[in-house]
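Below, each value reflects all heavy atoms present in this structure, side chains not excepted, and no hydrogens, waters or symmetry copies. A, B, ... follow the sequence lines: proteins, then strands. Residue 1 opens every chain. Just so it is clear, the model here is predicted, and its values are computed rather than measured.
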Number of protein chains: 2
Amino acid sequence: MNTVKPIANTLFTLMQSYRVTIRKAINANELGLNAMHVRCLHIVATTQRCTANDIVNQTQRDKAQIARLIKELITLNLIVKCASEEDKRRFILSFTTQGDVLFSKLLEAEQQVNALMCKNLTPQQIKDFLSVAAMMSENLK
Amino acid sequence: MNTVKPIANTLFTLMQSYRVTIRKAINANELGLNAMHVRCLHIVATTQRCTANDIVNQTQRDKAQIARLIKELITLNLIVKCASEEDKRRFILSFTTQGDVLFSKLLEAEQQVNALMCKNLTPQQIKDFLSVAAMMSENLK
DNA sequence: CGATATAGTTGATTTTATCAACCAACTCGC
DNA sequence: GCGAGTTGGTTGATAAAATCAACTATATCG
């Protein structure tokens, strides 16, 4: 029986270590944040006038799940929603001051983990790595 | 607000594409197999005299979850368990003929996806990619 | 030999995700 | 302008996945 170890195993191991390290760094357990919460925060941070629908589209997840995640983030006082002037059905999501603080902490943790990951690697190695990964991703579309 | 895009995003996108492509290739939905089933199959295939406890240790998951996954794989007639002679508490897991067939199909699908991922990349690029990934993983330990 | 540890099983519960239905607001063709 | 169809978001119900807890049989060790 062929037991060749595919590329995915290597990447899986890497992503698993990454997740564990980040969660520890932002105290995710105590804050009650899971991976999807974090992904939502990233999207709120990077999408102009972010709506629930933007998150649905970018995560390819169910509307109900996203609505619940948003509600939880609002309850945690990390984001607020205000009515859109252009379309009364939609709400614009933005960070609270507390949310800003937490997201900054998250970014800092991510950058520290990035730096740790890249120890003993040259900028060229990292650049090559990223471009290969991007091409692989593109090859799968 | 700093919105630097970390390495993890690139990898996340790649892993997501990989998962979707593999699942399609082995008809995971029809077979009722999820990612954890597949991981268990991989571990059964690569671990001599594999026991439930081996899977628990390698996946760092709860005993109950692994027991249930194993039970499901047995129900699907993909694996069997027989008593260990050395220790009456444990069972040795192995593939059925049908399980062999499915796992071969899984490996083939993985190799095809690997090949697709690596299109237009040189062996050296892939080798570098893997060694960088492995070093990153090692850096996070 | 008895206390403690371990492998596996199962019940109960929690967490996460999905399906379904709904309402308000918007769009578009007539 | 109007009505049928579409869209954005909410909530109930349900399914799937994961975790916690308790247990029994077996093994280990002082």
Q. Looking for any heavy atom pair under 4.0 Å, which part of the strands does Arg68(A) touch: base, sugar-phosphate only, or nothing?
A. base
Q.
Between the side chains of Arg90(A) and Glu85(A), is the shortest nitrogen-to-carboxylate-oxygen separation below 4.0 Å, so that they form an ion pair?
A. no
**Q.** Asn57(B) CG - dT6(C) P separation (whole Å)
**A.** 11 Å
Q) To the nearest 0.5 Å, what is the distance between OG1 (Thr59(A)) and CD1 (Ile66(A))? A) 3.5 Å
(Q) Between P on dT19(D) and CD on Gln60(B), what's the gap in Å once rounded to a whole number? (A) 11 Å
Q: Could you tell me the separation between the CD1 atom of Ile55(B) and the P atom of dT9(C), rounded to a whole number of Å?
A: 11 Å
Q) Do the ring planes of Phe103(B) and His42(B) sit parallel (below 30°), tilted (30 to 60°) or perpendicular (above 60°)? A) perpendicular
Q) For Ile92(B), does its backbone N or O pair with a side-chain atom of Ser84(B) as donor and acceptor, under 3.5 Å? A) no
(Q) For a quick test of reading the model: is some side-chain N or O of Lys63(A) closer than 4.0 Å to OP1 or OP2 of dA17(C)? (A) no
Q: Tell me which of Ala64(B) and Met36(A) sits closer to the 5' end of DNA chain C, going by the nucleotide each one is nearest to.
A: Ala64(B)
(Q) Is there a side-chain contact between Asn53(A) and the phosphate of dT7(D), meaning an N or O under 4.0 Å from OP1 or OP2? (A) no
Q) In whole angstroms, how far is the C1' atom of dA18(D) from the CD atom of Glu72(B)? A) 12 Å
Q: Report the distance from atom CD1 of Ile55(A) to atom CD1 of Ile70(A), rounding to the nearest 0.5 Å.
A: 4.0 Å
Q: Measure from CD1 on Ile74(A) to P on dG9(D) and round the result to the nearest Å.
A: 11 Å
Q.
Under 4.0 Å from OP1 or OP2 of dT18(C): is there any side-chain N or O of Gln65(A) that close?
A. yes
Q: Using atom CD1 of Ile79(A) as one end and atom P of dG9(D) as the other, report the distance to the nearest whole Å.
A: 12 Å
Q: Nearest whole angstrom, please: distance from the P of dT9(C) to the NZ of Lys71(B).
A: 8 Å
Q. How long is the line joining CD1 of Ile70(A) and P of dG8(D), in whole Å?
A. 13 Å
Q) Can you tell me how far the OG atom of Ser131(A) sits from the CG atom of Leu121(B), to the nearest 0.5 Å? A) 8.0 Å
(Q) Need one value for Ala52(A): base, sugar-phosphate or nothing, where a base atom within 4.0 Å counts as base even if backbone is also close, heavy atoms only. (A) sugar-phosphate
Q) Which ones in residues 81-92 of chain B lie close to DNA chain C, meaning a heavy atom under 4.0 Å from one of its atoms? A) Lys81(B), Arg89(B), Arg90(B), Phe91(B)
Q) Taking 4.0 angstrom as the limit, do Lys119(A) and Glu138(B) come out as a salt bridge? A) no
